[in-house]
Number of protein chains: 2
Amino acid sequence: MFSNSTKYAIKAVLYLAVHSSEEQKIMIKDIAEPINVPKHYIAKILQALSKKDIISSTKGPKGGFYLTSDQLQTKVMQIIETVDGEERLNSCLLSLEKCNSDNPCSLHHLVFDEKNKINERLKMTILKDLRQHIMRGESILPL
Amino acid sequence: MFSNSTKYAIKAVLYLAVHSSEEQKIMIKDIAEPINVPKHYIAKILQALSKKDIISSTKGPKGGFYLTSDQLQTKVMQIIETVDGEERLNSCLLSLEKCNSDNPCSLHHLVFDEKNKINERLKMTILKDLRQHIMRGESILPL
DNA sequence: AGTAAAATATGATAAAAATCACATTTAAGA
DNA sequence: TCTTAAATGTGATTTTTATCATATTTTACT
Ligand code: FES
Ligand code: FES
């Protein structure tokens, strides 16, 4: 469903959501290891997210990555779109085109409503929500 | 959601479902072109499907690919599993593991029910159903 | 100012997925 | 039985995705 890069991105950002703050920055290697993602790979992804202002970073000693409280309001969908590009989630199951109810492919009616529901949730769920889930022990941040 | 190969496979099989029969076999090039898939690529996929008895074929002059009426009973899910492998649809959104409600990842609750519903439908929908849809003009076989 | 510790930029390599090419096998029809 | 038309098998090439490496920039601390 998601690319590898997006999976990694979500895991990393969620890790920051739980463990970081403006006073508690985290170095790349201390993110990569606990979420089980190659260090150099996640570095590239975090840099892209940082450039898009989805996460924050500072260079130099005592530097690292972190989330501001504003950034805890980021919607999950924003991360997905930033990494995978917008098209991916709205593409038709059978063609390259955008899914289109006026010209539905043969699988469209099997999936459209559910896919929509999922997309809606990804659009309204923010990092803070997921952090709360994790801190309550209702879900985990998998390896 | 699906790999390119699975998309192509479904389109090709659906094309056969609509246009072929034991008396009306279709050559690779006459499948590849209308569904807009590279000839050599779809050939490989069709060969795999043929070996798994999801479609039929005969060699030589007047040969080609076709579906028997038995094969019109094939479930969409069978095609997906044959091409992409079973794991893909049941894997967790964030990890390599199988999705597991007893140990849910942070996105699990956002998608589980809907993904399940989709999977159920893919498991109970057969090619004949989709063919009917297409022939009634309720859905299309996209390029 | 100088040094060291961090992210950043850029690019190289490896692995996987998609695509292309061709020689082999099978079967129909002359 | 010979020729030809089709799928089949095997493997090569290209493209995309994932991974690795390294030089540069920024910043804190001395
Ligand atoms: S048109 Fe294909 S999934 Fe909607
Ligand atoms: S455990 Fe991750 S999607 Fe179910």
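All values below were derived from every heavy atom in this structure, side-chain atoms included, with hydrogens, water molecules and symmetry-related copies excluded. In this text the structure is predicted, and so the values were computed from the model without any measurement. Per chain, numbering begins at 1; letters A, B, ... match sequence-line order.
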Phosphate OP1/OP2 of C:dA17 contacted by B:Tyr41 side-chain N/O (<4.0 Å): no
Whole-Å gap separating P (C:dA6) and CD (A:Gln24): 13 Å
Spatial distance of atom NE2 (B:His108) from atom NZ (B:Lys115) [nearest 0.5 Å]: 9.5 Å
Under 4.0 angstrom between B:Ser50 side-chain N/O and D:dA7 OP1 or OP2: no
A:Lys39 vs B:Lys59, nearer the 5' end of DNA chain D by closest nucleotide: B:Lys59
Distance, rounded to the nearest Å, where A:Phe2 contributes CZ and D:dT17 contributes P: 16 Å
Pair of N/O donor and acceptor under 3.5 Å linking D:dG9 base with B:Lys51 side chain: no
NZ on B:Lys75 to NZ on B:Lys123, rounded to 0.5 Å: 11.0 Å
Contact under 4.0 Å: B:Ser5 side-chain N or O vs C:dA17 OP1/OP2: no
Ring geometry between B:His109 and A:His133 (parallel below 30°, tilted from 30 to 60°, perpendicular above 60°): parallel
A:Thr58-A:Tyr66 side chain donor-acceptor pair, cut-off 3.5 Å: no
Residue-phosphate contact under 4.0 Å: A:Tyr8 side-chain N/O, D:dA18 OP1/OP2: no
Nearest-angstrom distance from the residue atom CZ of A:Phe65 to P of D:dT27: 14 Å
Spacing of A:Gln47 atom CD relative to C:dA7 atom C1', expressed in whole Å: 7 Å
Within-4.5 Å side-chain heavy-atom neighbours: A:Ile118 and B:Leu110: no
Sugar-phosphate, base or nothing in reach of B:Ile28, heavy atoms under 4.0 Å: sugar-phosphate
Atom pair distance, as rounded to whole Å: NZ in B:Lys44 and P in D:dG11: 10 Å
A:Thr58 side chain near D:dT26 phosphate (N/O to OP1/OP2, under 4.0 Å): no
Axial bend angle, the helix from C:dA1-D:dT30 to C:dA30-D:dT1: five-pair end segments, nearest 10°: 0°
N or O in side chain of B:Asn4 less than 4.0 angstrom from C:dA18 OP1/OP2: yes
DNA chain C: 5'-proximal contact among B:Lys62 and A:Ile26 (nearest heavy atom): A:Ile26
Candidate list B:Leu122, B:Ile126, B:Asp129, test side chain to side chain contact (heavy atoms under 4.5 Å, CB included), partner B:Val76, passing option: B:Leu122
Interatomic distance, A:Met27 CE vs D:dA28 C1' [rounded to whole Å]: 14 Å
B:Ser3 side-chain N/O to C:dA17 phosphate OP1/OP2 under 4.0 Å: no
Any side-chain heavy-atom pair of A:Leu130 and B:Leu107 under 4.5 Å: yes
Length of the line joining A:His40:NE2 and C:dA14:P, which is rounded to integer Å: 15 Å
Protein-nucleotide distance (A:Leu96, atom CG; C:dA18, atom P), rounded to Å: 12 Å
Nearest-0.5 Å distance that lies between atom CG in B:Asn90 and atom CG in B:Asn100: 11.5 Å
Touch class at under 4.0 angstrom, heavy-atom based, for B:Ile42 against every strand present: nothing
